[in-house]
Protein chains: 2
Amino acid sequence: MLESHQYLRQFSIKPSVQRSAVMHFLLNNRIHPTIDEIYMALSPTMPTLSKTTVYNTLDLFVEKGAVRALAIDEKNARYDVDISAHGHFMCKSCGKVHDIFDLKPSMFQIPESESFRIDSVEISYLGACKSCKGN
Amino acid sequence: MLESHQYLRQFSIKPSVQRSAVMHFLLNNRIHPTIDEIYMALSPTMPTLSKTTVYNTLDLFVEKGAVRALAIDEKNARYDVDISAHGHFMCKSCGKVHDIFDLKPSMFQIPESESFRIDSVEISYLGACKSCKGN
DNA sequence: CATACTTTTGTAATGATTTCAATAAACTAA
DNA sequence: TTAGTTTATTGAAATCATTACAAAAGTATG
Ligand SMILES: [Mn+2]
Ligand SMILES: [Mn+2]
Ligand SMILES: [Zn+2]
Ligand SMILES: [Zn+2]
C-alpha cells in the first residue's frame, strides 16, 4: 500500500485511497485485468468503491503513463502496469492474457513515417494456451 | 460483383447476394471498415439488408479465412480483406486505420513457445495522422 | 410440387462503457 | 479554524456495439 502510494507519485498522480488500492492490485496481480476484475477484487474490502471510480482511475493512470491499455481483447479493455516493451498472447478459449517477453527489441521500434506521428506499439498474438490446447 | 463471387468461392463461401455485396465492398474500400460502415454503405442500394446479416457475414468470412478481424480499435471491430502480413496504424484523433506495409517480414514470425499454440499476430501502432497532428 | 436445409431478417436482450449530477473529500486563503 | 473553492467519488441512467433467438424467405434435392 505505501509502495503503491510512492509508485503513483512517480507518475505525478495524487494518491487517493481508491487510486492506491487499484495500483496496489495492479502491481501485485500481473494478469492484465479487466475493469470488472479489478472492481470485483477490491469491492469486498472497499464496499463503497464505485465501478465508475475504477474507470476514472484507469483512465487517469493511462493518461499519466503509469499503465498501458491493451486492445488485444475485443470484449473488455485490459490494463498492464508493466510499461516495458513486451508483447501479449491471448488464449481465444479461456481469454487469459500472458506476457511475451522474448521478442527482439527491434520489434518495438517506431517505424519512420511521413504520414503519421506514431506514439505506441502493440504486438499481440492469439491462439490457445496449454490447458486449452486439447479443446 | 462477379469478381466478389469468384473470390468467395476461393474460400469455399457460398456466394449469396448479401455476401457478394459485402465482399465487393471490402475489396473496393480498403479502409478497414466497421460493421456499421459496411451496413451504412450498402443499405441504400440494398434496403432490406439487416445489420445482423452483416455481423453473420463477417463472422463467416473470418472463420473461413477470407477476412481478418482487427482489434486495434477498442470501440468497434474492424475488418481487413487484405490477409497478407502487414501492420496497422490508428489515429487516436480521427479513428481512421491505415496499413503499415514496410515492416520486416521477421516481425510476423510466430515466436516459439512451449506454453501456447500461437495462430496469429497483430502489430498495431497508435498516434496521430497528418491531418490531425496539429490538434 | 414437397421436403429439408440454409440464409436472412427484425426484435429483444446483454453487457461494457460513458454521461451526468449529487455528495464527499481535500485544499487554500483569510 | 472556517468559509470558500477545487477535486474526487459515487450511483443512476443513457448509450451503443454485439449477441441471441425465432420467424420468414430463399435454395437445393428428389
Ligand atoms: Mn504485460
Ligand atoms: Mn490492412
Ligand atoms: Zn486457455
Ligand atoms: Zn487523424
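In what follows, chains are A, B, ... by sequence order, proteins preceding strands, each numbered from 1.
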Whether A:Phe116 and B:Phe89 hold their rings parallel, tilted or perpendicular, with breakpoints at 30° and 60°: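 Rings of A:Phe116 and B:Phe89: parallel, under 30°.
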Using a cut-off of 4.0 Å on non-hydrogen atoms, how would the nucleic acid contact of [X] be classed: base, sugar-phosphate, or nothing?
| X | answer |
| --- | --- |
| B:Thr52 | base |
| B:Thr48 | sugar-phosphate |
| B:Asn56 | base |

Residue-phosphate contact under 4.0 Å: B:Thr53 side-chain N/O, C:dT9 OP1/OP2: yes
OP1 or OP2 of C:dT8 under 4.0 Å from side-chain N/O of B:Ser16: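 Yes, such a contact exists.
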Length of the [atom1]-[atom2] vector between [X] and [N], whole Å:
| X | N | atom1 | atom2 | result |
| --- | --- | --- | --- | --- |
| A:Asp36 | C:dT14 | CG | C1' | 14 Å |
| A:Asn76 | C:dG15 | CG | C1' | 9 Å |
| A:Glu37 | C:dA16 | CD | P | 11 Å |
| A:Gln18 | C:dA25 | CD | P | 10 Å |
| A:Tyr55 | C:dG15 | OH | C1' | 9 Å |
| B:Met46 | C:dT7 | CE | C1' | 12 Å |
| B:Phe61 | C:dT7 | CZ | P | 12 Å |
| A:Ile13 | C:dA26 | CD1 | C1' | 18 Å |

Ion pair check, A:Asp73 and A:Arg78, cut-off under 4.0 Å: yes
Under 3.5 Å: donor-acceptor pair, side chain of B:His5, backbone of B:Glu3: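 Checking the backbone N and O of B:Glu3 against the side chain of B:His5, no donor-acceptor pair under 3.5 Å is found.
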is_close_aromatic(B:His32, B:His88), centroid dist under 6.0 Å: yes
Nearest-nucleotide 5' precedence on DNA chain C, B:Lys75 against B:Lys51: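 Counting from the 5' end, the first nearest nucleotide belongs to B:Lys51.
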Would you say that [X] contacts [Y] through its side chain, given a criterion of any heavy-atom pair below 4.5 Å between the two side chains?
| X | Y | result |
| --- | --- | --- |
| A:Arg19 | A:Phe61 | yes |
| B:Ile38 | B:Thr57 | no |
| B:Phe108 | B:Leu103 | yes |

Outermost DNA chain D nucleotides near chain A [under 4.0 Å, heavy atoms]: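 From 5' to 3', the first and last contacting nucleotides are D:dT7 to D:dT19.
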Residue mapping more 5' on DNA chain D - nearest nucleotide basis, A:Pro47 or A:Leu60: A:Leu60
